[in-house]
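Structure first, commentary second.
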Amino acid sequence: ETARVREVARRAADAEVTKGLAVVGAARLLAADDVDGAVECLLRGDELETAWALCHTLRSRTRLAVRRRVAALLSHQCVRYGEWELALAALAIGEAELPLEADAVGSVGGEAAWGTGPLSYRAMVCAAYPGSAEDASAVYALAGIEEPAKNLAAAAQATGVERAARLLLSRSQAAAAA
């Protein structure tokens, strides 16, 4: 019977969202004890901040994947408004309960996907920072990520890329001189 009540609530919520009443649709889903559905309904209705509030108020009743999705969307919204520290803080809230091993593989639609872990989201926020190199260093430090430029020389030497680059450069200079 609970499944039938939830199905009716989902249909009613969908109708409310199409009328532009996402909060009313979410309320219908909450009445049927479908917290994840209510959060998704709010996201579909472009009620991101309300979804975040609901998600974190009822943290014990929402799935981790839903909380991470809301945190990532909120972080993206903060980046759009140039609020880099707030974007990283939103991600930190979503990551607080994740083990470090979750960085390698995330989940998109229930399936594993590379590059969607919390470290990847933080790296994307840092990479999008348009400020000066000095300010970017501060953003990387805030995110707890080492700057890519610091590792570039070490990575090039370790992989032999530096030697290959010199060889290619010398060949192209020789061809230009000939």
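For Glu7, the salt bridge (Lys or Arg N to Asp or Glu O under 4.0 Å) criterion is met by Arg11, not counting sequence neighbours. By the side chain to side chain donor-acceptor pair (under 3.5 Å) test, Arg4 is found to be paired with no residue, residues two or more places apart in sequence or in another chain being considered. Considering only residues two or more places apart in sequence or on other chains, Thr2 meets the side chain to side chain donor-acceptor pair (under 3.5 Å) condition with none of them. Remark: Leu54 pairs with Leu30, Ala38, Val39, Leu42, Leu58 by the side-chain contact (heavy atoms from CB on, under 4.5 Å) rule, at least two apart or across chains. Residues forming a salt bridge (Lys or Arg N to Asp or Glu O under 4.0 Å) with Asp36 (at least two apart in sequence, or on another chain): Arg63. Take Gln77 and apply the side chain to side chain donor-acceptor pair (under 3.5 Å) test, not counting sequence neighbours, and it matches Arg80.
Residues Asp14 and Arg44 meet the side-chain proximity criterion, which asks for heavy atoms closer than 4.5 Å. Looking at Ser75 and Leu88, their side chains never come closer than 4.5 Å, going by heavy atoms from C-beta outward. By the 4.5 Å heavy-atom criterion applied to side chains, Arg67 and Leu64 are counted as neighbours. Put simply, the side chain of Arg28 reaches to within 4.5 Å of the side chain of Val24, judged on heavy atoms.
The minimum heavy-atom distance linking Val70 with Cys55 is given by the pair CG2-SG, 4.4 Å. Between Arg6 and Ala32 the shortest heavy-atom distance is NE-O, 3.4 Å. Looking at every heavy atom in both residues, Ala90 comes nearest to Ala71 through O-CB, 3.6 Å.
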